[in-house]
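To find a chain, count down the sequence lines: A is the first, B the second, and so on, and within it residues start at 1. Heavy atoms only: backbone and side chains are in, while hydrogens, waters and symmetry mates are out.
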Amino acid sequence: MSIASKYNPAEVEDKWYKHWMDQKFFHAQVNPEKEPYTIVIPPPNVTGVLHMGHMLNNTIQDVLIRKARMEGKEACWVPGTDHASIATEAKVVAMLREKGIKKSEIGRDEFMKYAWEWKEKYGGIILEQLKKLGASCDWDRTSFTMDEGYYKAVVQVFVDLYRKGFIYRDLRMINWDCEAKTALSNEEVMYKEDGEKSVLYHIRYQIKDSKEFVVIATQRPETIMGDTGIAVNPKDPRFTHLIGKKAIVPFINREIPIIADEYVELDFGSGCLKITPAHDPNDYELGKKHNLEVIDTINLDGTLNERCEMPEYVGKDRFIVRKMIVKKMREAELLVKEEDFITKIGRSERTNTVVEPKLSLQWFIKMKEISRTALKAVEEDEIQLHPPKFKNTYRHWMENVKDWCISRQLWWGHRIPAWFLPDGDFVVANTEEEALKLAQEKSPNITLADLKQDEDVLDTWASSWLWPMAVFNGFENFDEKSGRIEQPNAELAYFYPTKVLVTAPEILFFWVARMIIAGYEYMGEMPFKDVYLTGIVRDKQGRKMSKSLGNSPDPIELMQKYGADGVRTGMLFSSPAGNDLPFDEKLCEQGRNFSNKIWNAFRLLKGLDVVQTPSSNAEKVAIQWMENRLNQALVEIEDHYGKYRISDALMGTYKLIWDDYCAWFLEMIKPAYGDPISEETLNSSIAIFEKLLKVLHPFMPFITEELWHSMGTRGEKDCIIVAEWPKAATYDKGIIDAASLAFELISQIRNIRSSKGISPKEPLELIIKTEKPEAYSQFQQLIEKLGNLSSIQFNGNAPEMSFSFIINSDECAIPAGNNVDLEKEKAEMLKELEYAKGFLDSVMKKLGNERFVNNAPAQVLQNEQNKKADAEAKIKTLEESLAKMG
RNA sequence: GGGAGUAUAGCUCAGUUGGUUUAGAGCACCUGCCUUACAAGCAGGGGGUCGUAGGUUCGAAUCCUACUACUCCCACCA
């Protein structure tokens, strides 16, 4: 038989993925006999393409879900996508623009047709890419946040929250995107890290009925026409005499009061602050406090309107007006100073335009009360965050939670279920018919034609916060009276709460916290037990991977190059929960090398000739050790999984296979070249190998499935993906320790060979001076085999010319024969002697300390005394040998 | 400005309630090997005064204090 010496993933991956799909192994259903294990995917945006962040995130989910499936749980991983209202709308608008179509010209219904078309075309790309990764999602359950039932659920929740009094409409200072013409949540406003260059203009305002001026400093001179006050600090002696007087706004000659407020900093700018309540959140608050007029001079598209009282500026963009007015001021000698200034300007995450603070009527959710249970749940560890450091962040946010602006001036999304009556009043209802009924209660003659539905849609997160319930159609049983899902349908009752949510810490508040809030509000129960927060995938230089930097590798290409298994393990090798992952292709290479290692272990097992004999004693010991070692490793690996230490679980598996199985075990049982292997030994070795494949399967699903089937003939349903997870049995620590001692000894022998230039092929003798020869007896034959020893002699006399070393306080010697270089030997021994003396010194210092001797526990003391004895013995032999050498 | 976190080998990280050698792993590095499972490999090796300064203790990477550096989150000065 000839098997390629290199594993070729391309040949097997698609084959097995298709097989798993055909056999419906990913599909989960209500099954009272089994414990459910549910994960809902963080739904990627329909605009997205697979990036490295998704790779990391979904690999972790797949590892967890595959392990659960093998453990006999009903493993359900629900995939889906998020409609991502602003991101998608921006893409569709851009696409239409290329076709020469303007959104405003085609109207809402027509636009939505294009948007849906766009979603159908591109929305599924990312899910298809996840299949290449091996993601074992239940594709029959693929959900979308604007599916019919989901849409209905979002509306129901809006109506319910309105009825419960959690939703209100208010005039607020919000972040306005002048390009997308929509409000943005605080979370959608980005700030450049180092700020942006700006100019602080110092402008003179004349005091009314006086020759005096005040100088105010502003970055936004174009807003002065909206000024309705000037504030100074009451403690500022420069200005106390002005408080209560009036100042005059340049050009438009409006008289505005000078007021005193602690808010004004004494040492910033000129110490004098102009108040423009319509165009700055702080000014708005100040204005409210001091009852100042609000004059909104900027249109929704960022141009100035007639309220600015300067006809030449009307209809011009705010930044153009800034330039114009600065010039005008300069000419009028009103500009005292222009100061360069670094400021953090907010920009829209989606359109990158400078965000305009704007007063606007928006819908809000009151957050304080509704989030109380959600705060407590994490606080008291009912829901656990991994790593736990995020608990603090969570608490801090939840305790200071602000009301949530949920309306967006967009079309793509869930339209707000509020209908306006001609008189400006409104009703909130699930459907138009219901709305009409409610409206008629207010005004009996009203008809459907009189009602006008709110044009706005909801913030994306106001739909995705229902995800863990909505993907199981949970809201079909929504009870309007109690405002809860009182009688969950069978699916929701079974799969909810989900087990773990795997997501990025950036959306802890956007999404995770809000899902927890919604879960308790509508199910009265947490949406998930654990939250695993991944890190950010960065490049080697520590930069975040981003499209604009072009530093993100294409995951699909990576998988073609290293195999999906290689990339999966590459992602996981060094990414503990919550830590950023500095990505390096080398990691994938390591993953690929690992697959190749396993492939070759299989080649060895498959390539051996078999003879019908029982195992030799040495082979029996090897098998016994490997089985015990496997059980020990299973306990360790299970512990890592339990703590969501996925990297550690992988490393444990990696070392178990590479070091213990391949490097030690296979070398132990491998027959001499050309010799056959005992059938019994081979069968045991294969049985162990298959167990190892199972343990590895969650990490490397493809190669393990391929090898599972290559080991022998298996039916199409006998797949490793559904094989039983090996349970850890108790293990005998004695044989593991005996093996460790043997390995240490073998390493020392190899070390001697390597440093003395003795070929591995030359058999050597070994003499061990020990009080406990039985410690070596179990592994004696294996030590001889792996160390290539002709004999091991206990407590015999070593010739003078020997290489010696110490194992476990036992002195070992290898007769040097003619392999000796006296000078070199002497130098090495001197070095060793020095080290031993230094070591003894440190031990003696400890033992000479009376307080240590009196206070340390007996065990610790005994240890130190043993160390002393060892060191002394070593020094003695070294000195003797050196004396003999002259 | 408020809050949180981190600092251990070249890199990424372990180090469980202070106590088994003068601190471990993977990768990287160096040396020697094309030893018929695997050069995508084998064998061996070097490398850290555990961020700095104090303190507690018989004993500190581990506990305490201060400092320094970096990271993240929140708020944000016109």
Side chains of residues 657-676 of chain A: which donor-acceptor pairs under 3.5 Å do they make with residues two or more places apart or in other chains?
residue : atom : partner : partner atom : Å
A/D660  : OD2  : A/R629  : NE           : 2.8
A/D660  : OD2  : A/R629  : NH2          : 3.3
A/Y661  : OH   : A/S685  : O            : 2.8

Next on the checklist: Please evaluate residues A/R753 and A/L764 with respect to the criterion side chain to side chain contact (heavy atoms under 4.5 Å, CB included), reporting the C-alpha separation (whole Å), side-chain torsions for both, the decisive distance (0.1 Å), and the verdict.
Outcome noted: CA-CA 9 Å; A/R753 284 184 191 278; A/L764 297 173; 3.7 Å; yes
Next on the checklist: Taking B/C11 as the reference, what is the distance to B/G48 when you measure between their P atoms (whole Å, please)?
Outcome noted: 13 Å
Checklist entry - Just how far, in rounded Å, is C1' of B/G2 from CH2 of A/W397? => result 17 Å
Item to check | P gap between B/A69 and B/C58, integer Å | outcome: 35 Å
Item to check | B/A66 versus B/A43 - spacing of their P atoms, nearest Å | outcome: 50 Å
Item to check | Separation of atom CZ in A/F699 from atom C1' in B/G26, rounded to whole Å | outcome: 14 Å
Item to check | Any donor-acceptor pair under 3.5 Å from A/R514 side chain to A/F510 backbone | outcome: yes
Next on the checklist: Ring centroids only, cut at 6.0 angstrom: are A/F573 and A/Y654 within range, meaning strictly under it?
Outcome noted: yes
Next on the checklist: Counting neighbours of NZ on A/K391 that are heavy atoms of other residues, nucleotides or ligands and sit closer than 6.0 Å, is the number greater than 12?
Outcome noted: yes
Checklist entry - Can any side-chain N or O of A/K368 pair as donor or acceptor with the backbone N or O of A/E399 at less than 3.5 Å? => result yes
Checklist entry - Per the side-chain contact (heavy atoms from CB on, under 4.5 Å) rule, which among A/I216, A/N233, A/V264 passes with A/C272? => result A/I216
Next on the checklist: Please report the distance, rounded to the nearest Å, between CZ in A/F583 and C1' in B/U12.
Outcome noted: 14 Å
Checklist entry - side-chain hydrogen bond (donor to acceptor under 3.5 Å, both in side chains) with A/E338: which residues, sequence neighbours excluded? => result A/R330
Next on the checklist: Mind checking if A/N282 touches a base, just sugar-phosphate, or nothing, with heavy atoms under 4.0 Å?
Outcome noted: sugar-phosphate
Next on the checklist: Strictly below 4.0 Å, N to O, side chains only: are A/D236 and A/R238 in salt-bridge contact?
Outcome noted: yes
Checklist entry - Is there a donor-acceptor pair under 3.5 Å between the side chain of A/T276 and the backbone N or O of A/D227? => result no
Checklist entry - Are the side chain of A/W599 and the backbone of A/A4 linked by a donor-acceptor contact shorter than 3.5 Å? => result yes
Checklist entry - Once you round it to whole Å, what is the distance between P of B/U12 and CD1 of A/I536? => result 15 Å
Tabulate protein N/O versus nucleotide N/O from nucleotides 61-64 of chain B, keeping only pairs under 3.5 Å, one per line.
none

Next on the checklist: Work out how far the P atom of B/U57 is from that of B/G1, and round it to whole angstrom.
Outcome noted: 37 Å
Checklist entry - How far does the P atom of B/G19 sit from the matching atom of B/C63, given to the nearest Å? => result 11 Å
Item to check | Length of the line joining A/D584:CG and B/C11:C1', which is rounded to integer Å | outcome: 9 Å
Item to check | Nearest-angstrom distance, P atom, B/G44 to B/U71 | outcome: 41 Å
Might you list the N or O atoms of the protein lying below 3.5 Å from N or O atoms in nucleotides 13-18 of chain B, with each pair's distance?
residue : atom : partner : partner atom : Å
B/C13   : OP1  : A/N579  : ND2          : 3.1
B/A14   : O3'  : A/R645  : NH2          : 3.2

Next on the checklist: Measuring only the C1' atom in each nucleotide, how far is B/U8 from B/U49? A whole number of Å is fine.
Outcome noted: 12 Å
Next on the checklist: It should be established whether A/Y654 places a side-chain nitrogen or oxygen under 4.0 Å from OP1 or OP2 of nucleotide B/C27.
Outcome noted: yes
Checklist entry - Any donor-acceptor pair under 3.5 Å linking the side chain of A/R318 with the backbone of A/E222? => result no
Next on the checklist: Expected output check: what is the dot-bracket annotation of RNA chain B, where ( ) and [ ] are pairs inside the strand (brackets for crossing ones), | is paired with another strand, and pairs are Watson-Crick or G-U under 3.5 Å?
Outcome noted: (((((((..((((.....[....)))).(((((.......))))).....(((((..]....))))))))))))....
Checklist outcome for this item: 5'-most contact on RNA chain B (nearest-nucleotide basis), A/K274 vs A/K655, goes to A/K655
Checklist entry - Using atom P of each nucleotide, how far apart are B/A23 and B/A60 to the nearest Å? => result 15 Å
Item to check | Any donor-acceptor N/O pair, A/N600 side chain to A/N596 backbone, under 3.5 Å | outcome: yes
Checklist outcome for this item: Winner on side-chain proximity to A/K389, out of B/G5, B/A28, B/A78, is B/G5
Checklist entry - Starting at CD of A/E338 and ending at C1' of B/A78, how long is that distance when rounded to a whole Å? => result 16 Å
Checklist entry - Within the structure shown, what part of the strands sits under 4.0 Å from A/E265 by heavy-atom distance: base, sugar-phosphate, or nothing? => result base
Item to check | Distance, rounded to the nearest Å, where A/M398 contributes CE and B/A75 contributes P | outcome: 15 Å
Item to check | Distance in angstrom units between A/D737 CG and B/U20 C1', rounded | outcome: 13 Å
Next on the checklist: What does the B/S/- profile of nucleotides 35-44 of chain B look like, 5' to 3', with a 4.0 Å heavy-atom cutoff to protein?
Outcome noted: -BBB-BSSSS
Next on the checklist: Please evaluate residues A/L693 and A/I598 with respect to the criterion side chain to side chain contact (heavy atoms under 4.5 Å, CB included), reporting the C-alpha separation (whole Å), side-chain torsions for both, the decisive distance (0.1 Å), and the verdict.
Outcome noted: CA-CA 9 Å; A/L693 288 180; A/I598 301 153; 4.1 Å; yes
Item to check | Parallel, tilted or perpendicular, as decided by the 30° and 60° cut-offs, for the rings of A/Y644 and A/H386 | outcome: tilted
